Amino acid sequence: SAVVINSPAYYQSSEYNTQYGLGNINAAEIYSDGYSGSGVTVAVIDTGVDLDHPDLADNIASGGYDYIDNDADANPNGQGTYMSHGTHVAGIIAGVKNDVGMHGVAYNAKILALRAGISSGSLSGSAVASSIDRAISQGAKVINASFSGASISTTIADKWLSAHNNNIVSVHAAGNDYLENTAYDDDNPLYGARLPVELGYEALADTLIAVVATDSTDAIADYSNRCGDAQNWCMAAPGSDIYSAVDTTDNTDNNGDGYDTYSGTSVAAPHVSGAVAILRSKWPSKSAAEVVSILY
């Protein structure tokens, strides 16, 4: 029998099935209700985004910024290995649905590309702070933070609280250090995913989501930090062997096709960011905290 456009099966195309994450989070169910992130901007604070990638170009919002090179183009000067991290994250959130490669969870949302990563792949604290400010000023409804650390500065913690106070959902990778780095308490997420445990930042538990990674069987990944004392604001999402866009000039893209498979809580977090974008599209009048409650 024919597949009707308002059925989940209609959306389960080869592009949808290129990576298992969309199926594991039941994305086709909400697509069949008519929602895919339209009208919502997701800020991606990361190592830069390949703005010209064919699976991203049509979904790039104006207003992005590169706080490392200090220009309005979040493509780093001298493209290289680390821009693929941000590109991969952006693809999972809002890769274009075009029957090519893969598509994102919220394939009609927009990406505000904010580069805070330096050439080594680490992030500059001042650039992260400036990026949060810009996400607020540019009207982002979601901020994806696929980075983490053993501690967080008061300056950056205050910026996340500002995002909360501006009705933004922030989505944070929990970290990839389970049983690998005894300097970290890996039963708990790293920061900022763990920030609401800190005195003065408890309100963030309503709008900040810590994300741990699962594999294709929905088992928690062996490398993933656990929810621990962040359990009340924590979710699991697909994070192992996830296929998405990468920088088309990246020397780590072995076959040069602009796609690659990555693992980590960094790629679990954007599944949640994409889901939040869809819910904020479906219920634009609901607060960030209300949308998070619906997601849980």
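Counting begins at 1 with the first residue of the sequence. Remember, predicted model here, so these are calculated numbers, not experimental data.
- Two residues are said to be in side-chain contact when any heavy atoms from C-beta on lie closer than 4.5 Å; Tyr67 and Ser131 meet this criterion.
- Applying side-chain hydrogen bond (donor to acceptor under 3.5 Å, both in side chains) to Asn24 and the options Asp215, Thr217, Asp218 leaves one that passes, Asp218.
- Between Tyr11 and His103, the distance separating the two ring centers is not shorter than 6.0 angstrom.
- Residues Arg115 and Asp69 are paired through a salt bridge, judged by an N-O separation under 4.0 Å between the basic side chain and the carboxylate.
- Here the CG-CG distance, from Asp55 to Asp50, works out to 11.0 Å after rounding to the nearest 0.5 Å.
- Lys141 pairs by the salt bridge (charged side-chain N to carboxylate O under 4.0 Å, His left out) definition with nothing, not counting sequence neighbours.
- Each ring-ring contact (aromatic ring centres under 6.0 Å, His included) pair with one or both residues in residues 131-160, not counting sequence neighbours, appears once here: Trp160-His172.
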Inset, instruction - Show your reasoning for whether side-chain hydrogen bond (donor to acceptor under 3.5 Å, both in side chains) applies to Tyr223 and Ser240. - result: CA-CA 10 Å; Tyr223 54 80; Ser240 293; 2.9 Å; yes
Inset, instruction - Under the side chain to side chain contact (heavy atoms under 4.5 Å, CB included) rule, what do Val142 and Ile168 come out as? Steps first, then yes or no, please. - result: CA-CA 5 Å; Val142 190; Ile168 295 173; 5.6 Å; no
Inset, instruction - Show your reasoning for whether side-chain hydrogen bond (donor to acceptor under 3.5 Å, both in side chains) applies to Asn144 and Ser146. - result: CA-CA 6 Å; Asn144 189 89; Ser146 286; 2.8 Å; yes
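- No side-chain donor from either of Thr155 and Ser153 sits under 3.5 Å from a side-chain acceptor of the other.
- In this structure Ala236 satisfies the side chain to side chain contact (heavy atoms under 4.5 Å, CB included) test together with Val212, Thr214, sequence neighbours excluded.
- Put simply, the side chain of His88 gets close to the backbone of Ile242: a donor and an acceptor are under 3.5 Å apart.
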Inset, instruction - Could you please spell out the steps behind the side-chain hydrogen bond (donor to acceptor under 3.5 Å, both in side chains) verdict for Asp241 and Tyr20? - result: CA-CA 9 Å; Asp241 300 318; Tyr20 67 87; over 6 Å; no
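- The side-chain heavy atoms of Val42 and Ile93, taken from C-beta on, include a pair separated by under 4.5 Å.
- Without hydrogens or angle criteria, Ser224 side chain to Ala213 main chain gives a donor-acceptor distance under 3.5 Å.
- Taking 4.5 Å as the limit, some side-chain heavy atom of Leu195 sits within range of a side-chain heavy atom of Ile152.
- A side-chain donor-acceptor contact under 3.5 Å links His271 to the backbone of Pro238.
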Inset, instruction - Determine, step by step, whether Val169 and Arg280 satisfy the side chain to side chain contact (heavy atoms under 4.5 Å, CB included) criterion, reporting the C-alpha distance in whole Å, the side-chain angles of both residues, the deciding distance to 0.1 Å, and the verdict. - result: CA-CA 10 Å; Val169 178; Arg280 301 213 75 169; 4.1 Å; yes
Inset, instruction - Go through the steps to decide whether Ile143 and Val171 satisfy the test side chain to side chain contact (heavy atoms under 4.5 Å, CB included), and finish with yes or no. - result: CA-CA 6 Å; Ile143 302 175; Val171 180; over 6 Å; no
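- In this structure, Ser273 contributes its side chain and Pro270 its backbone to no donor-acceptor pair below 3.5 Å.
- Rounded to the nearest 0.5 angstrom, Glu198 CD and Leu204 CG are separated by 11.0 Å.
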Legend entry - ring pair (Phe, Tyr, Trp, His ring centres under 6.0 Å) between Tyr107 and Tyr31, intermediate numbers included: CA-CA 10 Å; Tyr107 58 79; Tyr31 300 157; 4.9 Å; yes
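- Separating the CE atom in Met102 from the OG1 atom in Thr261 is a distance of 10.5 Å, to the nearest 0.5 Å.
- Under the 4.5 Å side-chain heavy-atom criterion for ILVMFWY residues, a single connected hydrophobic cluster contains both Leu208 and Ile136.
- In this structure, Glu15 contributes its side chain and Asn98 its backbone to a donor-acceptor pair below 3.5 Å.
- No side-chain N or O of Asp206 forms a donor-acceptor pair with one of His164 less than 3.5 Å apart.
- No side-chain heavy atom of Asn70 sits less than 4.5 Å from a side-chain heavy atom of Ile68.
- Looking only at distances, no side-chain donor or acceptor of Trp283 sits under 3.5 Å from a matching main-chain atom of Glu290.
- A donor-acceptor contact shorter than 3.5 Å links the side chain of Ser84 to the backbone of Asp247.
- Proximity of a side-chain donor or acceptor of Thr87 to a complementary backbone N or O of Met83 within less than 3.5 Å is detected.
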Inset, instruction - Given side chain to side chain contact (heavy atoms under 4.5 Å, CB included), test Asp158 with Tyr201 step by step and report yes or no. - result: CA-CA 8 Å; Asp158 286 347; Tyr201 300 97; 2.6 Å; yes
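- Listed for the Thr47 side chain is a donor-acceptor partner under 3.5 Å among the backbone atoms of Gly86.
- Side-chain contact between Leu295 and Val276 is present, with at least one heavy-atom pair separated by less than 4.5 Å.
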Inset, instruction - Please test Thr265 against Asn176 for side-chain hydrogen bond (donor to acceptor under 3.5 Å, both in side chains), starting from the C-alpha separation and ending with a verdict. - result: CA-CA 6 Å; Thr265 57; Asn176 304 326; 2.9 Å; yes
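- Although no hydrogens or angles enter the test, the distance criterion places a donor-acceptor pair under 3.5 Å between the side chain of Asn225 and the main chain of Asn188.
- Ser130 has its side chain out of reach of Tyr65: every pair of non-hydrogen atoms, C-beta onward, lies at least 4.5 Å apart.
- For the side-chain hydrogen bond (donor to acceptor under 3.5 Å, both in side chains) with Asn108, the qualifying choice from Ser36, Ser281, Ser38 is Ser36, the only one to do so.
- Using a 4.5 Å heavy-atom threshold, the side chains of Tyr243 and Tyr262 count as separate.
- For the pair Leu190 and Asp177, the minimum side-chain heavy-atom distance is below 4.5 Å.
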